[in-house]
Amino acid sequence: MTQISKETKNLILSYQKWQESLQKKEGVSTIHVDEVASKVAAFYEKIRGIIDWKEEHLMKLSVIERSVRKRIIPKLGSKIKVDAESLVLELIRSGHFPNDKIEESKIEEVQKIINKYIYIIGSKSENIQLIQWLSSILSCEIEEALMSSIKENALIDFMYNKIKSTTFLSKDLIEKEKITEKEKDIQIFVNVQRALFDLDDSLIGYHLIKYKYPNWSKISEEELKKINIEQIKKEIDYELDHPLKGKISQICYKYNTPYLILNDIILENPFEAENKISNPALMESLIKKHYNKRLNNMQSRMTRAGFYSTLSIFITNIASLLFIEIPVAKYFGQFSNVSYIVDILVPTALMAILVLSIDKPPKGNLEKVIMETIKIVYNDEKKELYEIKKFKKRGPIFNFFISLMYAISFVLSMSVIYWLLSLINFPPFSYIVFVIFLSLIAFAGVKIRERAKELHMMDQKDGFMATITDLLALPIILLGKWFTLRWKKYNIISAVFNALIDMPLSIFVEFIEQWRYFLQEKKEQL
């Protein structure tokens with residue numbers, strides 16, 4: 001038996017605790033919601049999932065945030081008590097949280113969390129941006145209270161400590177750029193979460209608050225009075241977009257594969273994991289097994305991500321056609337069926353091409369994964385160190401030419417699109433809409449392709465043609481990124497659902513549940 005490291009043993013213990021936390025405790029009451037009401041709410045959530053699609057691990061948070069903004073935010077500043085129970089019941093009915101699994105004591109815990117954030121907001125109720133941010137952080141804390149994150153946090157800490165011990169700042173960064181070790185450590189903490197679980201900024205922001213204030217979940221009112229929440233938000237915003245982000249992100253994404261594979265091996269059976277991992281021959285076969293399993297699942301995961309993100313944009317595109325483009329085109333006498341078919345099919349075809357053309361890991365990748373996984377699991381005194389070097393500063397002349405090249409490539413890309421669309425007599429107004437949806441799809445597709453590289457550990461060099469393609473595609477992709485950030489804030493169809501359907505449906509579902517309980521009581525009396 002080979003000696004596994006103390007850190008690996010602690011990681012396995014955390015997974016065992018997580019497994020035990022899932023077991024139902026004897027004599028402990030759990031929260032139950034009516035199955036019929038739950039099916040209605042879950043069906044609605046599936047529709048919402050198409051309109052406002054996100055990765056599965058972020059969908060839960062999105063549902064909580066929606067409920068928080070619907071049930072809590074309107075009551076701020078009033079004397080109406082915010083009821084945690086109705087919020088928790090709604091979340092369980094949505095199908096994103098298990099029925100008859102969450103302990104009733106969690107309602108009181110969620111109530112305390114809500115009260116804490118209401119106290120934090122206090123007199124700051126006029127700062128809308130701050131309230132939106134706090135509602136996101138509140139949603140993260142509610143999710144953590146309802147669903148154990150022992151396993152995820154343990155893996156984050158494990159990778160964080162490993163990367164932290166093998167990376168160091170160059171002398172120039174410390175002396176000239178004034179970058180501190182603490183800043184480096186925080187950036188490792190931030191980018192490990194992105195590399196492992198693709199967490200969004202609100203979840204990472206919540207984890208950063210706990211990183212800075214370890215007793216945040218049990219913080220007292222006296223301590224809260226001393227905290228400047230605006231300053232905390234400002235610090236977290238800086239950390240999320242720190243100058244070191246790019247360099248440390250590269251390291252974290254390149255070396256996340258061994259940690260993902262180790263996660264899969266331990267998850268198979270946390271209570272037998274230590275014995276299996278202690279056997280090097282068996283460990284190697286397990287690495288190969290789970291590597292191939294992840295590789296086989298990758299295409300279906302990416303296809304699903306591509307399908308739902310395209311469908312979400314596709315539905316908005318159809319709405320845009322029916323309510324804006326076609327009426328405008330008819331008014332100016334420029335209606336064309338061919339142009340609208342192109343408007344719908346081209347962005348969809350682009351996503352299909354981007355997803356179906358995802359490259360498999362290069363030759364030698366599996367051997368590299370095996371070697372790196374063995375390194376992090378066993379006691380190995382040899383550590384491969386990574387130096388974070390000083391940023392390359394470009395002169396004003398170089399920056400001018402780079403900006404000029406970008407401007408030329410943008411104009412060239414737009415000109416090619418304009419020329420191709422003009423061949424089919426595309427209505428002038430629809431040019432703008434087409435470019436918007438094409439750029440959204442391009443950015444979403446590139447993000448999916450990047451996520452598909454989570455198993456890649458070997459460096460790949462781009463050829464000449466790839467460089468030219470990138471030069472022409474980059475303006476469209478960056479435009480898509482800009483639109484995507486606004487899409488999250490101003491998704492019109494999602495806003496319509498929130499305003500016209502969400503609240504009435506919640507009331508209707510609660511009515512169904514209460515009515516069925518009433519009928520059940522009458523039957524019991526009979």
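Atom set for the values below is all heavy atoms of this structure, side chains included, hydrogens, waters and symmetry mates excluded. The structure displayed is predicted, hence computed values, not measured ones.
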Note to self: Before you tell me yes or no, could you show the steps for Glu223 and Ser220 under side-chain hydrogen bond (donor to acceptor under 3.5 Å, both in side chains), namely the whole-Å CA-CA distance, both residues' side-chain angles and the distance that decides it to 0.1 Å?
What the structure shows: CA-CA 5 Å; Glu223 290 173 296; Ser220 65; 3.1 Å; yes

Would you mind reporting whether [Y] and [X] have side-chain heavy atoms less than 4.5 Å apart?
| X | Y | result |
| --- | --- | --- |
| Glu372 | Tyr259 | no |
| Leu244 | Leu169 | yes |
| Val68 | Ile114 | no |
| Glu230 | Gln129 | no |

Margin query: Is there a side chain to side chain contact (heavy atoms under 4.5 Å, CB included) between Gln250 and Tyr386? Walk through the geometry before answering.
Written below: CA-CA 11 Å; Gln250 284 181 346; Tyr386 310 101; over 6 Å; no

Item checked: Heavy-atom pair with the smallest gap, counting every atom of Ala195 and Asn256 ->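 Answer, listing the atom of Ala195 first, then Asn256: O-ND2, 2.9 Å.
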
Between [Y] and [X], is there a side-chain donor-acceptor contact under 3.5 Å, judged purely by atom types and distance?
| X | Y | answer |
| --- | --- | --- |
| Tyr291 | Asn365 | yes |
| Gln193 | Tyr160 | no |
| Tyr117 | Glu141 | yes |
| Ser136 | Ser139 | no |

Check: Are Leu196 and Glu152 close enough, and set up right, to give a side chain to side chain contact (heavy atoms under 4.5 Å, CB included), and what steps lead you there?
Finding: CA-CA 9 Å; Leu196 283 177; Glu152 291 80 5; over 6 Å; no

Next item on the list: Measure the acute angle between the ring planes of Trp216 and Tyr213, then classify it against the limits of 30° and 60° as parallel, tilted or perpendicular.
Entry: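 The arrangement is tilted - the two ring planes meet at 30° to 60°.
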
Item checked: side chain to side chain contact (heavy atoms under 4.5 Å, CB included) evaluation trace for Phe97 with Ile64 -> CA-CA 10 Å; Phe97 292 87; Ile64 300 171; 3.6 Å; yes

Note to self: I'd like to know if the side chain of Ser67 reaches the main chain of Leu87, judged simply by a donor and an acceptor atom lying under 3.5 Å from each other, with no hydrogens or angles considered.
What the structure shows: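 Answer holds: no.
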
Are [X] and [Y] ion-paired here, with the side-chain N under 4.0 Å from a carboxylate O?
| X | Y | value |
| --- | --- | --- |
| Lys293 | Asp264 | no |
| Asp157 | Lys162 | no |
| Asp237 | Lys233 | yes |
| Arg93 | Glu90 | no |
| Lys112 | Glu109 | no |
| Glu144 | Lys210 | yes |

Next item on the list: Apply side chain to side chain contact (heavy atoms under 4.5 Å, CB included) to Phe158 and Ile376, showing your working.
Entry: CA-CA 9 Å; Phe158 182 73; Ile376 66 169; 4.1 Å; yes

Checklist line | Worked check of ring pair (Phe, Tyr, Trp, His ring centres under 6.0 Å) between His207 and Tyr211 | finding: CA-CA 6 Å; His207 292 156; Tyr211 182 92; over 10 Å; no

